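Have a look at the structure below, then the notes.
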Amino acid sequence: MADQSIPEARTHRTAAVETEAGPADEGISRRRLLGTAGATGLVLGTAGAALGYAAAPTEAAAPLTSLGADRAMFHGKHQPGITDGLQARGHLVAFDLAAGAGRKEAAALLRRWSETARRLMAGDPSAHDDTDVARDAGPSSLTITFGFGHSFFGRTGLEKQRPTALDPLPEFSSDHLDKKRSNGDLWVQIGANDALVAFHALRAIQKDAGSAARVRWQMNGFNRSPGATAHPMTARNLMGQIDGTRNPKPSEADFDQRIFVPEKGEPAWMANGSYAVVRRIRMLLDDWEKLSVKAQEDVIGRRKSDGAALSGGTETTAMDLEKTDAKGNLVVPINAHARITRPDQNGGAAMLRRPFSFHDGIDPDGVPDAGLLFICWQADPLRGFVPVQRKLDRGDALSPFIRHESSGLFAVPGGAAEGEYVGQELLEG
C-alpha cells in the first residue's frame with residue numbers, strides 16, 4: 001500500500017483506446033444492444049457525458065455507451081493491463097500445469113489464451129463455445145494479462161530461462177501467508193469496466209485451460225466505476241483514504257526504466273516485460289474505524305478529506321518531511337506510511353501500483369474479510385517492492401491495521417506482436 005498514485009479508471013479515450021470512428025467499432029460490430037418494443041431512452045452521466053440508448057427491436061446496429069465502446073489493444077510493445085487506467089471490476093487467477101503437462105502443452109495453452117484475449121478485448125465472442133454472457137456489451141476496457149511464476153520453469157524444462165528477478169520474495173515479519181492462495185505456475189489478470197464482461201473473460205480463460213492446467217486460486221476485486229465522481233481523481237481504498245498519490249507516471253523520463261525490462265535486458269524473452277508482485281492484504285477495518293480521523297491521518301501522513309500531506313498544500317504538493325508544529329513535533333509522524341514509502345526514502349525504489357479492493361463476506365465472528373488486492377509492477381522487484389516492504393516491516397504505523405495473507409511474484413513478458421502469442425519467444429525460442 002505504498003504512497004504512489006494509482007492509474008485512474010478513465011471515462012475518456014487514451015492512446016491505447018480506439019476512437020469511435022476507428023477500428024473499435026468494427027471490432028464490436030457483432031455486439032448489439034437489445035431493445036424492448038417501443039422503448040427508447042437517453043442517460044447522461046456527469047463525468048464523460050456517457051450516452052446509453054434502448055434500441056428499437058431490429059437488427060440494426062445501435063451505438064454503445066462510451067463506457068462499453070472503450071477498447072484496449074491486445075497487441076503492442078507491452079501487455080495490456082499495466083499502464084491502462086483502473087477498471088471497475090477485476091479477477092486474478094493462478095493456474096498450475098496439470099500432471100504430465102510440459103512445454104508443449106504450455107505453448108498450446110498460451111496460444112489459446114492469447115487468441116481468446118485478442119477476441120474478447122475487441123468485443124468479439126470467444127472462438128469456441130462462447131457463453132454469451134457478454135453478448136450485449138462492448139469491450140468495456142477489458143484487459144487480459146499473462147505471467148509466469150517461479151515454478152513454471154521447472155515444470156516446462158526451462159530452468160535456464162528463469163530470470164534471477166523471479167527468485168522467491170524474502171519473508172517479512174508481517175506476513176501471514178496462505179500457501180494455497182499464493183504463487184502458481186501461471187497468472188492471469190483480468191480487468192474491465194463491466195462486471196459481466198470481466199466474468200465472461202474469466203470463464204473463457206478457465207475453459208481454455210482444459211486439461212492442461214487447473215486453477216490454483218482465484219480472487220475478485222473492484223474499484224470505483226468510471227463517472228462516479230464529478231471529475232477524475234485518485235482512488236480511495238476501503239479505509240476511506242485516497243490511496244496512491246505518488247505513482248510514477250508514463251510521462252516521466254525514467255518511467256520505462258523503472259517499470260519495464262529494457263529491450264536488451266536479460267533474459268531476452270523478457271524484453272519490454274515487467275514483474276508483478278501480487279499480495280492479498282486484509283484490512284482490519286473494525287480496528288481501523290475505531291480510530292479518530294486525526295489518528296487515521298497520522299498513521300497515513302495525509303489528510304483523509306483530500307489526500308494532501310499533513311505538512312500542507314494539495315494532494316500533489318511535495319511533502320515537507322522536516323516541518324514541525326508549535327510543540328516541535330514532526331507534522332508528518334516519523335512512522336507515517338506515506339513518509340516511509342517515499343522513493344526518496346528508499347534509494348529511489350519505485351513501483352507502479354494498480355490494485356483492486358476486495359470484500360469476500362463476513363467471518364463467523366462478524367469481521368469483514370475485506371482489503372486490497374495489491375498489484376505492483378516494476379522492472380526488478382529486488383529494486384522495487386522488496387526494499388520498500390522491508391522498510392515498512394521495520395516500523396510502519398499502518399502495520400497493526402493490515403495483514404498480508406497471500407503473495408505471488410510473476411514474470412510478465414512483453415506484448416505479443418500481430419500473429420504471435422504471449423510468451424512465444426520463451427516457449428519456442
Side-chain angles (χ1 to χ4, degrees), residues 1-12 14 45-49 83-88 223-255 258-259 283 288-289 291-346 348-357 372 374 376-377 388 391-392 396-398 401-402:
M1 296 175 65
D3 180 42
Q4 300 171 333
S5 176
I6 302 170
E8 285 307 305
R10 293 165 289 190
T11 58
H12 59 279
T14 67
T46 304
T83 59
D84 300 86
L86 288 180
Q87 294 127 313
N223 284 305
R224 175 175 278 156
S225 297
T229 56
H231 54 82
M233 60 179 292
T234 309
R236 290 187 185 272
N237 60 33
L238 298 189
M239 288 178 162
Q241 300 287 153
I242 290 180
D243 186 353
T245 298
R246 292 181 57 85
N247 228 5
K249 297 175 176 59
S251 59
E252 296 171 357
D254 61 351
F255 179 85
R258 291 182 172 194
I259 307 306
M283 293 178 173
W288 175 257
E289 291 163 3
L291 298 179
S292 67
V293 171
K294 175 63 167 62
Q296 291 177 353
E297 291 177 339
D298 284 344
V299 167
I300 302 300
R302 291 185 174 274
R303 292 200 299 256
K304 192 170 185 178
S305 60
D306 59 6
L310 296 184
S311 54
T314 68
E315 181 187 351
T316 57
T317 300
M319 181 178 290
D320 184 350
L321 300 181
E322 304 303 322
K323 186 174 182 178
T324 57
D325 60 19
K327 296 181 179 179
N329 298 316
L330 288 170
V331 173
V332 180
I334 196 68
N335 62 347
H337 184 76
R339 174 190 285 268
I340 292 175
T341 58
R342 288 172 56 92
D344 58 10
Q345 301 295 302
N346 294 279
M351 48 197 166
L352 177 68
R353 300 175 65 257
R354 196 175 181 277
F356 293 94
S357 293
L372 194 72
F374 175 92
C376 71
W377 301 89
V388 176
K391 194 165 185 180
L392 290 171
D396 177 23
L398 185 60
F401 304 98
I402 60 174

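If you're wondering where the values come from, they're calculated on a predicted model, not measured in any experiment.
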* To do: Could you tell me whether a side-chain N or O of R246 sits under 3.5 Å from a main-chain N or O of T316, the two making a donor and an acceptor?
  => no

* Structure fact -> Heavy-atom closest pair (M351 atom, C376 atom, distance to 0.1 Å) is SD-SG, 3.6 Å

* To do: Go through T341 and L392 one step at a time and tell me if the side-chain contact (heavy atoms from CB on, under 4.5 Å) criterion holds.
  => CA-CA 7 Å; T341 58; L392 290 171; 3.5 Å; yes

* **Distance (rounded to the nearest 0.5 Å) between I242 CD1 and R236 CZ** => 4.0 Å

* Identify the two heavy atoms, one from A338 and one from R302, that lie closest to each other, and give their separation to 0.1 Å. => CB-NE, 4.1 Å

* Can you name the closest pair of heavy atoms from L86 and P355 and give their distance? -> CD2-O, 3.6 Å

* To do: Could you tell me the separation between the CG atom of L352 and the CZ atom of R258, rounded to the nearest 0.5 Å?
  => 11.5 Å

* **Residue pair L310 / V331: nearest heavy atoms and the distance that separates them** => O-CG1, 2.9 Å

* Where is the tightest heavy-atom contact between I259 and P248, given as atom of each residue plus distance? -> CD1-CG, 4.2 Å

* **L238 CG to E289 CD distance, which is reported to the nearest 0.5 Å** => 9.5 Å

* Short N-O contact, R342 and D344, less than 4.0 angstrom -> yes

* To do: List for me each residue that meets side chain to side chain contact (heavy atoms under 4.5 Å, CB included) alongside L330, sequence neighbours excluded, and say none if there are none.
  => T324, I334, R339

* Answer yes or no: is there an ion pair linking R353 with D243, defined by an N-O contact shorter than 4.0 Å? => yes

* **Point-to-point distance, once rounded to the nearest 0.5 Å, from OG1 of T229 to NE2 of H231** => 6.5 Å

* **K391 side, atom NZ; N346 side, atom CG - distance, nearest 0.5 Å** => 4.5 Å

* Approximate separation, where rounding is to 0.5 Å, of N237 CG and M283 CE -> 4.0 Å

* Structure fact -> What one should report as the nearest heavy-atom pair of R303 and G312 is NH1-CA, 4.4 Å

Pairs of donor and acceptor atoms involving the side chains of residues 293-301, under 3.5 Å and at least two apart or interchain, shall be tabulated with distances.
unit_1: K294; atom_1: NZ; unit_2: D298; atom_2: OD1; d: 3.2
unit_1: K294; atom_1: NZ; unit_2: D298; atom_2: OD2; d: 2.8
unit_1: Q296; atom_1: OE1; unit_2: K304; atom_2: NZ; d: 2.7
unit_1: Q296; atom_1: NE2; unit_2: W288; atom_2: O; d: 3.1
unit_1: E297; atom_1: OE2; unit_2: K304; atom_2: N; d: 3.0

